[in-house]
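Just so you know, residue 1 is the first one in the sequence shown, and it goes up from there.
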Amino acid sequence: YSNIKKRLKEKIIEQLFSNLHSRVYRLLNKCGPLDIKNIMDVCMIPNKDCSKILNQLFKSNFIEIQELHIKGSPQFFFKVTSDFKSSSLL
């Protein structure tokens, strides 16, 4: 059942946005919290496009941002929203 839910979420994101959005969502769903550099490297998306994709997914409540202070400076990690029902699009 959970596998069907994952695939459905990916298809909804792909229909609402694009295949790239779905690729980023799949990566975060599989790997857990990642920073933007890791997302860009694995998905092979330029910084400008990756930032835009992450922003759109965040605004739609598909992903969350987690701020961690590492060596005194803030670093931002992105992860899949735990409660999909909270999405403003559904």
Side-chain angles (χ1 to χ4, degrees):
Y1 175 73
S2 65
N3 195 25
I4 294 171
K5 282 175 56 176
K6 287 179 188 177
R7 296 286 300 153
L8 179 60
K9 292 174 192 178
E10 292 168 13
K11 286 296 181 185
I12 290 171
I13 290 170
E14 190 173 329
Q15 292 295 317
L16 290 172
F17 302 108
S18 74
N19 188 31
L20 291 176
H21 290 74
S22 183
R23 186 187 316 169
V24 169
Y25 182 84
R26 249 189 328 272
L27 173 68
L28 293 174
N29 201 23
K30 181 179 179 183
C31 296
L34 294 172
D35 66 351
I36 191 166
K37 184 178 181 337
N38 288 321
I39 296 169
M40 289 182 335
D41 291 345
V42 174
C43 292
M44 297 187 300
I45 302 171
N47 187 10
K48 179 181 166 188
D49 295 336
C50 191
S51 295
K52 182 179 174 183
I53 289 168
L54 290 169
N55 188 35
Q56 289 171 330
L57 290 173
F58 175 72
K59 284 183 178 180
S60 301
N61 293 324
F62 287 109
I63 62 171
E64 300 173 345
I65 300 174
Q66 181 178 14
E67 180 181 359
L68 297 176
H69 291 273
I70 301 172
K71 296 180 183 175
S73 63
Q75 295 222 350
F76 298 97
F77 291 83
F78 299 88
K79 63 181 185 175
V80 170
T81 302
S82 56
D83 184 10
F84 188 65
K85 292 178 183 176
S86 67
S87 174
S88 61
L89 297 175
L90 297 179

Student: When rounded to the nearest 0.5 angstrom, what distance separates CD1 in I13 from CZ in R23?
Tutor: 14.0 Å

Student: For residues 32-47, which residue pairs pass the side-chain hydrogen bond (donor to acceptor under 3.5 Å, both in side chains) check, not counting sequence neighbours?
Tutor: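 Those involving residues 32-47 are D35-N38, K37-D41, N47-S51.
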
Student: Just wondering, more than 12 heavy atoms not from I4 lying within 6.0 Å of its CD1?
Tutor: no

Student: Got a second to check how far K52's NZ is from S18's OG, nearest 0.5 Å?
Tutor: 9.0 Å

Student: Say whether V80 and F17 are linked into one hydrophobic cluster, either directly or through other cluster members, by side-chain heavy-atom distances under 4.5 angstrom.
Tutor: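 Same cluster.
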
Student: Can you list everything that forms a salt bridge (Lys or Arg N to Asp or Glu O under 4.0 Å) with K6? Sequence neighbours excluded, please.
Tutor: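 Listed in chain order: nothing, the list is empty.
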
Student: Answer yes if L68 and L54 sit in the same cluster of Ile, Leu, Val, Met, Phe, Trp and Tyr residues linked by side chain heavy atoms under 4.5 Å apart, and no otherwise.
Tutor: no

Student: Look up atom CD1 in I65 and atom OG1 in T81, then write down how far apart they are to the nearest 0.5 Å.
Tutor: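 Rounded to the nearest 0.5 Å, the CD1-OG1 separation comes to 10.0 Å.
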
Student: CD1 of I39 to CG of L27: how many Å apart, nearest 0.5 Å?
Tutor: 6.5 Å

Student: Hey, what do you get for CG (L20) to CG (D49), rounding to the nearest 0.5 Å?
Tutor: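 Rounded to the nearest 0.5 Å, the CG-CG separation comes to 7.5 Å.
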
Student: Rounded to the nearest 0.5 Å, what's the gap from CD1 on I63 to CZ on F78? Could you check?
Tutor: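 I63 atom CD1 to F78 atom CZ measures 6.0 Å (nearest 0.5 Å).
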
Student: Write out all pairs satisfying salt bridge (charged side-chain N to carboxylate O under 4.0 Å, His left out) with one or both partners inside residues 67-76, taking only residues at least two apart or from two chains.
Tutor: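 For residues 67-76: none.
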
Student: Do the side chains of F76 and I36 get nearer than 4.5 Å, heavy atoms only?
Tutor: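 Contact flag for I36/F76 side chains = no.
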
Student: Checking side-chain contact (heavy atoms from CB on, under 4.5 Å) against V24, which of L34, I53, V42, N19 comes through?
Tutor: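 Among the candidates, only I53 passes.
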
Student: Determine the minimum heavy-atom distance between F62 and Y25, stating which atoms define it.
Tutor: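 For F62 versus Y25, the nearest heavy atoms are O-CE1, 3.7 Å.
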
Student: Sequence neighbours excluded, which residues qualify as side-chain contact (heavy atoms from CB on, under 4.5 Å) partners of K11?
Tutor: R7, E14

Student: Going by the rule side-chain contact (heavy atoms from CB on, under 4.5 Å), which residues pair with K79 if we only count those two or more places apart in sequence or in a different chain?
Tutor: P33, E64, Q66

Student: Quick one: side-chain hydrogen bond (donor to acceptor under 3.5 Å, both in side chains) partners of R26, sequence neighbours excluded?
Tutor: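 For R26, the residues satisfying side-chain hydrogen bond (donor to acceptor under 3.5 Å, both in side chains) (neighbours in sequence not counted) are S22.
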
